[in-house]
Amino acid sequence: MDYISSILSVIFFIFNLSAIAYEVTPMRVTLSSSSGESAGVIRVRNTRPTDLPVEILVEKRLIAEDGTQTFVPADDDFIVFPPQALIAPQSTQSIRVQYIGEPSMAETIAYVMKVAEVPVVQEDATGITVAYNFGVALYIRADNPNATLTLSSIEKTDDNKLDFAIRNSGNDYGTTVGKTVVVETAHGRKQIDLTGKGVGNPLIPPNSVRTFSLDIGELDQDINLEGELTASIR
């Protein structure tokens with residue numbers, strides 16, 4: 001699962017309690033302008049017994065070296081139809097998104113397509129209303145996409161952590177999911193599966209370096225990282 005796909009921001013309003021969610025599919029869309037695949041469709045299903053008002057916003061997704069993310073409005077890069085919708089109970093609304101930016105991409109660009117519930121204040125409302133926002137991962141794929149990952153540094157810190165950096169020299173996004181760091185010391189060789197090991201945001205943007213830190217105490221107990229380290233990623 002993409003990192004952004006797991007994000008569900010919940011905004012609380014002091015009105016009426018209505019915590020029945022809705023469904024958004026798919027949670028990841030990949031487009032390629034150069035190959036003519038510049039448009040995609042997501043579907044929003046209203047599973048509640050009342051109307052569901054939503055609006056669609058697109059933001060560019062920027063990932064820093066430490067994995068923190070910022071989002072920049074990018075509505076000018078896309079045509080979204082409809083940009084707002086009122087979805088009847090137990091009904092599904094298709095939302096079409098079309099990329100209208102640069103036709104040829106040197107690097108894959110990441111966006112997030114936010115499906116945001118618009119809270120409606122009822123005159124007799126009391127209590128809490130929960131408004132759900134879903135983030136759909138949206139990628140504009142580069143020409144001939146490829147992610148090439150190498151381990152550029154690794155060290156054990158004084159606070160019992162394993163700090164390492166991964167370089168992506170390719171033009172597509174890479175990920176630590178499914179990857180293994182192979183560490184060699186004077187005491188032997190150890191493989192560390194990075195999937196689900198608390199690395200946080202697993203994405204590595206094109207032509208960039210990401211830094212990660214793992215608590216050695218949370219790794220397998222038989223690992224010995226004393227002395228000089230050499231490592232690789234595969």
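Side chains included, hydrogens not; waters and symmetry mates left out as well; all remaining heavy atoms used. Sequential numbering from 1 along the given sequence is applied to the chain's residues.
Using a 4.5 Å cut-off on side-chain heavy atoms (C-beta onward), Met105 and Ile140 make contact. Looking at Val80 and Arg96, their side chains never come closer than 4.5 Å, going by heavy atoms from C-beta outward. Considering only heavy atoms from C-beta on, Val97 stays 4.5 Å or farther from Ile42 through its side chain. You'll find the side chain of Arg45 stays beyond 4.5 Å of the side chain of Gln93, heavy atoms only. Residues Ile166 and Thr176 have side chains in contact (heavy-atom distance under 4.5 Å, counting atoms from C-beta outward). Residues Asp77 and Tyr99 are in side-chain contact: their nearest non-hydrogen atoms beyond the backbone lie under 4.5 Å apart. Counting only heavy atoms from C-beta outward, the side chains of Leu86 and Pro53 approach each other to under 4.5 Å. A heavy-atom distance below 4.5 Å is found between the side chains of Glu107 and Asn207.
Partner of Leu194 under the side-chain contact (heavy atoms from CB on, under 4.5 Å) criterion, chosen from Thr175, Leu214, Val177: Leu214.
With rounding to the nearest 0.5 Å, the separation of OG in Ser213 from CG in Asp66 is 11.5 Å. Separation of atoms OG (Ser232) and CD (Glu184) is listed at 7.0 Å; rounding is to 0.5 Å. Taken from CG in Asn144 to CG in Asp172, the straight-line distance is 11.0 Å, to the nearest 0.5 Å. The CZ atom of Arg234 sits 4.5 Å away from atom CD of Gln191, with the distance rounded to the nearest 0.5 Å. Taking NZ of Lys60 as the reference point, atom CG of Asp76 lies at 12.5 Å (rounded to 0.5 Å). In this structure, OG in Ser38 is found 7.0 Å from CG in Leu31, a value given to the nearest 0.5 Å.
In this structure, the side chain to side chain contact (heavy atoms under 4.5 Å, CB included) partners of Ser153, at least two apart in sequence or on a different chain, are Ala165.
With 3.5 Å as the limit, one finds no donor-acceptor pair spanning the side chains of Asn133 and Glu117. No side-chain donor-acceptor contact under 3.5 Å links Thr92 and Asn46.
For the pair Asn168 (side chain) and Ile204 (backbone), a donor-acceptor distance under 3.5 Å is present. A donor-acceptor pair is defined here as one N or O able to donate and one able to accept, closer than 3.5 Å; no such pair exists between the side chain of Arg61 and the backbone of Val112. Distance alone, capped at 3.5 Å, places no donor-acceptor pair between the Ser32 side chain and the Glu37 backbone. A donor-acceptor pair is defined here as one N or O able to donate and one able to accept, closer than 3.5 Å; no such pair exists between the side chain of Thr150 and the backbone of Ser152. Using a distance-only test at 3.5 Å, with no hydrogens or angles considered, a donor-acceptor pair links the side chain of Thr195 to the main chain of Gly178. Glu55 places no side-chain N or O within donor-acceptor distance of the main-chain N or O of Ala116, the cut-off being under 3.5 Å. No donor-acceptor pair closer than 3.5 Å links the side chain of Arg43 to the backbone N or O of Val24.
Residues Pro205 and Leu203 approach most closely at CD-O, 3.9 Å, considering heavy atoms. Nearest heavy atoms, Pro49 versus Pro89: O-CG, 3.4 Å. Thr108 and Ala142 make their closest contact through OG1-N, 3.0 Å (heavy atoms, listed as atom of the first residue, atom of the second, distance). Scanning both residues, Pro82 and Ser94, for their nearest heavy atoms gives CD-O, 3.7 Å. Contact detail for Ile154 and Val183: the closest heavy-atom pair is CD1-CG2, 4.1 Å.
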message: Evaluate Phe134 against Met27 for side-chain contact (heavy atoms from CB on, under 4.5 Å), listing each step before the verdict.
response: CA-CA 9 Å; Phe134 286 87; Met27 293 300 290; 4.2 Å; yes
query: Is there a side-chain contact (heavy atoms from CB on, under 4.5 Å) between Ile63 and Asn201 once you walk through the steps?
result: CA-CA 9 Å; Ile63 301 176; Asn201 183 354; 3.8 Å; yes
task: Walk me through it: do Leu138 and Phe78 pass the test side-chain contact (heavy atoms from CB on, under 4.5 Å)?
output: CA-CA 11 Å; Leu138 176 59; Phe78 296 89; 3.6 Å; yes
Test side-chain contact (heavy atoms from CB on, under 4.5 Å) applied to Asn146 and Asn171, step by step: CA-CA 6 Å; Asn146 179 61; Asn171 65 349; 4.2 Å; yes
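Note: the hydrophobic cluster containing Val58 also contains Val29 (ILVMFWY, side chain heavy atoms under 4.5 Å, direct or indirect links). The hydrophobic cluster containing Leu57 does not contain Met113, counting ILVMFWY residues as joined when their side-chain heavy atoms lie under 4.5 angstrom apart, directly or transitively. Both Val181 and Leu149 are assigned to one and the same hydrophobic cluster, defined by single-linkage of ILVMFWY side chains at heavy-atom distances under 4.5 Å.
Not less than 6.0 angstrom separates the ring centroid of Tyr111 from the ring centroid of Phe71.
Among pairs with a residue in residues 144-174, those fulfilling ring-ring contact (aromatic ring centres under 6.0 Å, His included) read Tyr139-Tyr173, Phe164-Phe212, at least two apart in sequence or across chains.
With respect to Glu65 and Arg210, no salt bridge is recorded, no charged nitrogen being found less than 4.0 Å from a carboxylate O.
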